[in-house]
Every structure is written in C-alpha cells, then in structure tokens.
Asker: 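Pasting a structure below so you can have a look.
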2 protein chains.
Amino acid sequence: MKLSTKSRYASRALIELGLKYGEGPVKLKDISAIQDISLKYLEQVMFPLRIGGYVKTLKGSQGGYILARHPNSITLLEIVECVEGPIAPVDCVDRPGFCGRSEQCVTRDAWIGLKNVIRSELGNTTLDELVAKQRQIDG
Amino acid sequence: MKLSTKSRYASRALIELGLKYGEGPVKLKDISAIQDISLKYLEQVMFPLRIGGYVKTLKGSQGGYILARHPNSITLLEIVECVEGPIAPVDCVDRPGFCGRSEQCVTRDAWIGLKNVIRSELGNTTLDELVAKQRQIDG
DNA sequence: CCTATATTCTACTAAATATATAGGATATCT
DNA sequence: AGATATCCTATATATTTAGTAGAATATAGG
C-alpha cells in the first residue's frame, strides 16, 4: 500500500507550479533544487502530466513549466492516477477477469470499498488547498 | 497503491478458517486446493498470523489451523497489517525523519489523511461479515 | 545567425521488492 | 512405527522502482 516516488514528486512539483501560478514558466532545474529531486528523473515524472493536460511547457531559454489548469480544478487523485495509473488496491477490482473467482469472492467487495474511499479522499484534496497551506507555512 | 498477494491470500485463508470456526483444525493443504494458492507460499503467509495471535496450529496428523480469536473481533486491517506491516502510503507518514522536509511538507498531511481513511475502512470490516457474505454466496 | 538554455525522447542500469520453490526438521495422531 | 502436517531456513526468479545517461529539438536573446 505504498505510493511511488512518482506520485510524491509530481505532487510536490505541481505545488511549486501552483505557488508561481500566473507568474510565467518555472524551470525543472529550480524545482529540482528546491525539492531535492533528480532533474533527470523529474523530467520523466512530468511527462505524463503534460500528456494528461495538467501542465504546459515552453522549450528553450527562459522556458519551463506552467499549470495548464487552475489549481482549484486539479485534485491529488488526478495527479496520482496520471503518473501512477488507476488506483486499485488489487488488480481484480478494475479487471474482474484477473482472477477466476471474482464472482464468488467476498474479499473483492472489500477491496472495491477500499478503492472507493481512497479515491474519495484524494479526489477531495485540491492543489489549490495544498498551495494555500504551503503559503501559510512559508509565511 | 497495491496490496501484496500476502494480504489477499491471508484474507482468503482466514475466511476459510472462519467458515469452519468451531469445527476443528483446517489443513493448509485444503485451503491451498480450495483457494488455489501455493501450499508452500501459504505456509509463509500464515506464519505472522500465528505470531500475531490470530491463528493457532496443531501439528501432526489431523492437525491444521484454527482461528485463535472470534471472527467478529478480527478486522481486515489487522490481517493486512499483520502480514504486510503497518499501512502507510508514504514512509514519512510513520517516520517523519524519513524525509528532511517533513515539517514543512503539505503533501505529508495529505498522505496522513489518506492513511487514516484506509485504516478506517479496513478496520470497519470484520472477518465475521466476510464469512457471513461468503455463506450467502455458497448457499 | 549563434549560443546558451531548457525541454524532449530513448535507452540503459542498479537495487529493492514480490512471489514464489525447495528441502529437511519437528511434532502429533493412529 | 509410520503417515501426516506444520515449522524453519535458504534459494531463485520476475517485476517494479528509482534513477542515470546522452543526444535531439526548440526557443530567447544578443
């Protein structure tokens, strides 16, 4: 039941973008330094977020990343599922055919319930809120 | 965000024990056959459940496993945490020192919230309920 | 146009984790 | 005594995770 570093890094990177929302592009190099994340790895983490339409990029000098959507419309759930794939504590949750006994399996129902509360919790946390809290901490 | 097979196998094995609760020991060989789980692997999965006091064993001929506690006092959370260790979506949740920025990290608060809903959901599901549902399905 | 800069794309790698398999030791019932 | 079932330790394989590396592409500014 662990999130990978991709989810953690993506969340922290998008918070940095949220802090600078409306102020032009932010370089990964800066995020990498501030958040202490390998630049090269961060590049890979950001890739699906661009494909998913959460960030836009500007190449070349003075380029960087900006949020493609308002922070209040982006949830943690979207970030996590974008970089990590659909959340399902067990494979049979999304693919009943994964296990031949899915039809008669009572644990599967429990795993489905678990998936739902996880998605609900993450879906109710917006980037906006996280950025606001971060501003409070930074003072 | 995946549970390992240990959690899945342990849950299904304990349901089998719950179905036979009060009827004497159940052999892993039988559970292995019914649930289609490798016997040798199942032995390893059951080990922490014995140490944790969830099952008792009887060695030798006519031996096997029995629940050490009433099914209504065992939750999915206990089973999962027993075989898989404490549930925490991110290491810093239980060990703030894991990451130097824990004190100023807003995502950590989110991961703590996530941990809480996961534990709450699993903690509210008892083995009793699962066994009852299974009996309904089996007819 | 040229250069520095930043992203983009592809490939590769080391380490950790998950998922078992194997074999013998130990205990117990008949 | 023999069959049976758990107990314990070691080993193996596959997958995933978490990164590294390097060249290609695009852009701003001089």
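Just so we're on the same page: letters track the sequence lines, and every chain starts at 1.
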Asker: Whole-Å distance between dT6(D) C1' and Lys27(B) NZ?
Answerer: 12 Å

Asker: Return no unless some side-chain N or O of Arg50(B) is found under 4.0 Å from OP1 or OP2 of dC8(D).
Answerer: yes

Asker: May I ask you to decide whether Lys29(A) forms a salt bridge with Glu43(A), counting only side-chain N to carboxylate O separations under 4.0 Å?
Answerer: no

Asker: Could you check how far CG of Asp91(B) sits from P of dT17(D), rounded to whole Å?
Answerer: 14 Å

Asker: Kindly indicate, with the supporting measurements, whether the criterion salt bridge (Lys or Arg N to Asp or Glu O under 4.0 Å) is fulfilled by Glu81(A) and Arg119(A).
Answerer: CA-CA 10 Å; Glu81(A) 291 204 322; Arg119(A) 290 181 44 96; 2.7 Å; yes

Asker: Rounded off to whole Å, could you give me the CG-to-C1' distance for the Asp36(A) and dA18(D) pair?
Answerer: 14 Å

Asker: Figure out the CD1/C1' separation between Ile66(A) and dT7(C), and round it to whole Å.
Answerer: 14 Å

Asker: Would you say Val26(A) and Ile66(A) are hydrophobically clustered, going by side-chain heavy atoms of ILVMFWY under 4.5 Å?
Answerer: no

Asker: Verify the cluster assignment for Tyr54(B) and Ile51(B): are they in a single hydrophobic cluster under the rule of side-chain heavy atoms below 4.5 Å apart?
Answerer: no

Asker: Can you work out whether Gln44(A) or Thr57(A) has the more 5'-proximal nearest nucleotide on DNA chain C?
Answerer: Thr57(A)

Asker: Within residues 94-102 of chain A, which residues have any heavy atom lying less than 4.0 Å from an atom of DNA chain C?
Answerer: none

Asker: Pair Ile31(B), Leu17(B) - check side chain to side chain contact (heavy atoms under 4.5 Å, CB included), show working.
Answerer: CA-CA 9 Å; Ile31(B) 296 177; Leu17(B) 295 187; 3.9 Å; yes

Asker: Looking at dA18(C), I'd like to know if its phosphate oxygens (OP1 or OP2) sit under 4.0 Å from a side-chain N or O belonging to Thr5(B).
Answerer: no

Asker: Check the phosphate of dT13(C) against Tyr41(A), side-chain N and O only, distance under 4.0 Å to OP1 or OP2. Yes or no?
Answerer: no

Asker: Given side chain to side chain contact (heavy atoms under 4.5 Å, CB included), test Thr125(A) with Thr75(A) step by step and report yes or no.
Answerer: CA-CA 5 Å; Thr125(A) 306; Thr75(A) 67; over 6 Å; no

Asker: Is a donor from one side chain sitting under 3.5 angstrom from an acceptor on the other, for Ser4(A) and Tyr9(A)?
Answerer: no

Asker: Return the value, rounded to whole Å, for the distance between atom CZ of Arg8(A) and atom C1' of dT17(D).
Answerer: 12 Å

Asker: In whole Å, I'd like the distance from the CG atom of Asp30(A) to the P atom of dA6(C).
Answerer: 8 Å

Asker: Among side-chain atoms of Ser32(B) and Tyr41(B), is any donor-acceptor pair under 3.5 angstrom?
Answerer: no

Asker: Run Leu49(B) and Glu78(B) through side chain to side chain contact (heavy atoms under 4.5 Å, CB included) and show every step you take.
Answerer: CA-CA 9 Å; Leu49(B) 292 171; Glu78(B) 289 176 295; over 6 Å; no

Asker: For the pair made of CD1 in Ile51(B) and C1' in dC8(D), what is the distance, rounded to whole Å?
Answerer: 11 Å

Asker: Measuring to OP1 and OP2 of dA18(D), would you say a side-chain N or O of Ser38(A) lies under 4.0 angstrom away?
Answerer: no

Asker: Mark yes or no for a side-chain to base donor-acceptor pair under 3.5 Å between Lys40(B) and dG23(C), with no hydrogen or angle criteria applied.
Answerer: yes

Asker: Report the distance from atom CE of Met1(A) to atom P of dT17(C), rounded to the nearest whole Å.
Answerer: 17 Å

Asker: Given that Glu43(B) and Tyr9(A) both sit by DNA chain D, which one's nearest nucleotide is further toward the 5' end?
Answerer: Glu43(B)

Asker: Are any protein N/O atoms closer than 3.5 Å to N/O atoms in nucleotides 28-30 of chain D? If there are, list each pair with its distance.
Answerer:
unit_1  : atom_1 : unit_2   : atom_2 : d
dA28(D) : O4'    : Ser61(A) : O      : 3.3

Asker: Look through every strand shown and name the nucleotide pairing with dG30(D) as Watson-Crick or G-U wobble, where both distances are under 3.5 Å.
Answerer: dC1(C)

Asker: Pick from Gln134(B), Gln136(B), Arg135(B): which one makes a side chain to side chain donor-acceptor pair (under 3.5 Å) with Asp138(B)?
Answerer: Gln134(B)

